[in-house]
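Heads up, the thing below is written out as structure tokens.
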Amino acid sequence: MNILVIGSGAREHAITAALHRSEQQPKIFCYGTTINPGIKQMTHHYRVGNIKDVDAVVKMAKEWQVSLAIIGPEAPLEKGLADAFWLASIPVIGPKQKLAQIETSKSYARDLMRKYHIKGLPHYRTFNSLAGIAEYLKELGQDGYVVKANGLMSGKGVKVAGDHLHSFEEAMAYCREILEHGQTLVIEEKLIGQEFSLMSFCDGEHIIPMPIVQDHKRAFVDDKGPNTGGMGSYSDANHSLPFLTESDVTQAKKINEEVFRALSAELFDKYIGVLYGSFIVTRKGVYVIEFNARFGDPEALNVLTILESDFVELCQSMVTGNLSTENVKFAPLATVCKYAVPNGYPDAPVTDMPIDISAVKNKAQLYLSSVNAIDGQIYATGARTAAYVGVADSISAAEEIAEREISGIGGPLFHRDDIGTDKLIRKRVDEMRRLRAT
Ligand code: AMP
Ligand code: GLY
């Protein structure tokens, strides 16, 4: 069986590795933006090109006679790559363009939740001009709002009052900036609590959740600094997180499922792929931060590393509408993922710097990301460079492994050494306990 993976980051490296482990021994092909040597060594053919060029990608897929495609990142989904694959009779993991609006338009996602009365919706309003913005910011109150550019921004288009916006004037300036770029924006109530990610496999009819993961969006230790694509993440052996109650987990699963069904009802089409709910548990319960129409990065690294089911079979069950809990088994183990990123990331990263991974002992759990391989040398290209996933019985033991291995990568890189540590987990649990008591 010929399977095509679109994208060449760490998420796609983890997807490729999961396919590679399959007893079905598929021939794997990759269409990526640079040469990721981790992916390349597992693939039959590897093409570098523009993954948003729908025609070029589908043409290549036909030439390679692929019978299944997996779309990693969101940008090709926005361009309608999934639609083009289905038109070419190539089954694909990743929703069609209209369904992917659940990620590509923040206002679409919020409006859908409102229309279908789905719980977990914060107060929000969408704006396409300055009219009414000042009044709404004042209504939400000082430090009570979040401003979001209404498009794909790689997790960097959101500014939170108190953290990134320090005054009413700064908030107005950011709104003006977004509008001047020709985008609309969403302003919403700022929610206080702990964030978590719940991804689900979807086959158009059925939706099955994966283990819950907590990402760390902020660049620096102690959740300081700008938002990034995600600096690292952890999951627990029980597939929940230490600060969540059973009821929180049930609520999040229910919201994912209701959104999945609302999308089908609204668009008369089947959502096939991964639906990723980004949630925040507050003292008033679980709220939605946003939805993504694909695997999370780094979250995919946590879950795919401990996936026990055959990933090829799982993907086949998704595109044929036969997904069941039988296809979706994860090992009862904890994972901690840490990303090494270039110095200066995310605002002014150093680029095209050589890195050395020779000291990393177990390379099976090292996932390369924004790198390029030229004449046997790996270069960090500027975005997140490489991630390591430690796996163990406890978060604490997984953290030790991840910390040791990620520190072994040579080059002008840094990582967050606090992700997954007992200290940070205890802080999260204490914060949540205090919040629930108020
Ligand atoms: P997003 O790109 O929508 O995932 O937002 C990036 C980050 O901004 C999230 O991970 C949160 O930390 C923060 N954020 C987004 N929306 C809200 C909200 N309504 N309240 C508090 N924080 C938010
Ligand atoms: N972990 C954040 C994302 O994949 O968007």
Side-chain angles (χ1 to χ4, degrees), residues 1-22 24-97 99-100 103-104 152 154 229 272-274 292-297 300-301 304 311-312 314-316 318-319 367-374 378-387:
M1 181 177 196
N2 293 355
I3 303 184
L4 172 61
V5 176
I6 292 108
S8 49
R11 167 182 44 211
E12 292 74 32
H13 190 167
I15 290 171
T16 306
L19 294 171
H20 192 65
R21 288 200 301 270
S22 167
Q24 295 197 33
Q25 299 188 311
K27 265 193 195 163
I28 307 170
F29 298 76
C30 177
Y31 201 110
T33 40
T34 56
I35 298 278
N36 177 328
I39 297 179
K40 190 157 192 275
Q41 66 181 1
M42 291 183 272
T43 50
H44 196 67
H45 276 298
Y46 193 112
R47 172 61 65 102
V48 171
N50 177 3
I51 60 171
K52 293 191 277 184
D53 183 342
V54 169
D55 293 341
V57 176
V58 174
K59 185 164 173 267
M60 202 67 245
K62 284 186 189 157
E63 227 166 90
W64 283 336
Q65 302 188 322
V66 313
S67 44
L68 178 73
I70 304 177
I71 302 173
E74 57 276 24
L77 295 172
E78 190 183 37
K79 296 283 177 211
L81 183 57
D83 309 55
F85 273 127
W86 286 113
L87 270 176
S89 303
I90 300 172
V92 53
I93 307 290
K96 292 184 194 160
Q97 190 175 37
L99 294 152
E103 166 161 11
T104 59
L152 288 183
S154 309
I272 297 173
V274 172
N292 295 313
R294 49 165 174 90
F295 277 116
D297 186 348
L301 283 53
L304 291 176
F311 191 47
V312 173
L314 171 48
C315 290
Q316 282 170 325
M318 269 195 274
V319 293
Y367 300 106
L368 298 173
S369 189
S370 289
V371 297
N372 204 11
I374 304 169
I378 306 176
Y379 294 87
T381 53
R384 294 174 295 176
T385 307

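Because only heavy atoms are used, hydrogens play no part in the values below, and waters and symmetry mates are left out as well, while side chains stay in.
When every heavy atom of Ala300 is checked against every heavy atom of Ala14, the shortest pair comes out as O-CB, 4.4 Å. Residues Gly38 and Leu368 come closest through the heavy atom pair N-CD1, 3.7 Å. When every heavy atom of Val54 is checked against every heavy atom of Ala84, the shortest pair comes out as CG1-CB, 3.3 Å. The minimum heavy-atom distance between Gly273 and Ile93, with the atom names listed, is CA-CG2, 3.9 Å. Minimum interatomic distance between Leu301 and Ala387 (heavy atoms only, all atoms of both residues): CD2-CB, 3.4 Å. Pairing each heavy atom of Pro73 with each of Pro76, the nearest pair is O-CD, 3.4 Å.
For the atom pair Arg47 CZ and Glu63 CD, the distance stands at 7.0 Å (nearest 0.5 Å). Atoms CG and CD1, from Leu304 and Ile15 in turn, are 6.5 Å apart once rounded to the nearest 0.5 Å. A distance of 8.0 Å separates CG in Leu4 from CD1 in Ile90, rounded to the nearest 0.5 Å. Annotation: the span from Lys40 atom NZ to Cys30 atom SG amounts to 10.5 Å, rounded to 0.5 Å. To the nearest 0.5 angstrom, Cys315 atom SG is 4.0 Å from Ile70 atom CD1. Atom OG1 of Thr43 is separated from atom OH of Tyr31 by 14.5 Å, given to the nearest 0.5 angstrom.
Side-chain atoms of His44 never come within 3.5 Å of backbone atoms of Phe29 as a donor-acceptor pair (strictly under, hydrogens ignored). For the pair Glu12 (side chain) and Gly9 (backbone), a donor-acceptor distance under 3.5 Å is present. Between the side chain of Asn292 and the backbone N or O of Arg294, no donor-acceptor pair lies under 3.5 Å. Not one N or O on the side chain of Glu78 forms a donor-acceptor pair closer than 3.5 Å with the backbone of Thr104. The main-chain N or O of Ser370 is found under 3.5 Å from a side-chain atom of Thr381 such that the two form a donor-acceptor pair. Thr34 places a side-chain N or O within donor-acceptor distance of the main-chain N or O of Val371, the cut-off being under 3.5 Å.
Taking the side chain as every heavy atom from C-beta outward, Leu77 and Gln97 never approach each other to under 4.5 Å. No side-chain heavy atom of Phe85 sits less than 4.5 Å from a side-chain heavy atom of Pro91. Tyr46 places none of its side-chain heavy atoms less than 4.5 Å from the side chain of Val5.
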Point to revise | Derivation of the side chain to side chain contact (heavy atoms under 4.5 Å, CB included) call for Val319 and Val92 | key: CA-CA 7 Å; Val319 293; Val92 53; 5.9 Å; no

Exercise for review: Under the side chain to side chain contact (heavy atoms under 4.5 Å, CB included) rule, what do Val312 and Ile3 come out as? Steps first, then yes or no, please.
Suggested key: CA-CA 9 Å; Val312 173; Ile3 303 184; 4.0 Å; yes

**Study point:** Verdict with reasoning, Lys52 to Asn50, per side chain to side chain contact (heavy atoms under 4.5 Å, CB included)
**Key:** CA-CA 5 Å; Lys52 293 191 277 184; Asn50 177 3; 3.4 Å; yes

Exercise for review: Could you go through the side chain to side chain contact (heavy atoms under 4.5 Å, CB included) check for His20 and Ile28 one step at a time?
Suggested key: CA-CA 8 Å; His20 192 65; Ile28 307 170; 4.0 Å; yes

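More than 12 heavy atoms of other residues, nucleotides or ligands lie within 6.0 Å of CZ in Arg21, so this atom counts as buried by the packing criterion. Crowding of Gln24 atom CD: a count of heavy atoms from other residues, nucleotides or ligands under 6.0 Å exceeding 12.
Trp64 and His45 have parallel rings, their planes meeting at less than 30° on a 0 to 90° scale where 60° marks the start of perpendicular.
For Arg384 and Asp297, the salt-bridge test passes: some basic side-chain N is under 4.0 Å from an acidic carboxylate O.
Across Thr33, Asn36, Asn372, a single residue satisfies side-chain hydrogen bond (donor to acceptor under 3.5 Å, both in side chains) together with Ser8, and that is Thr33.
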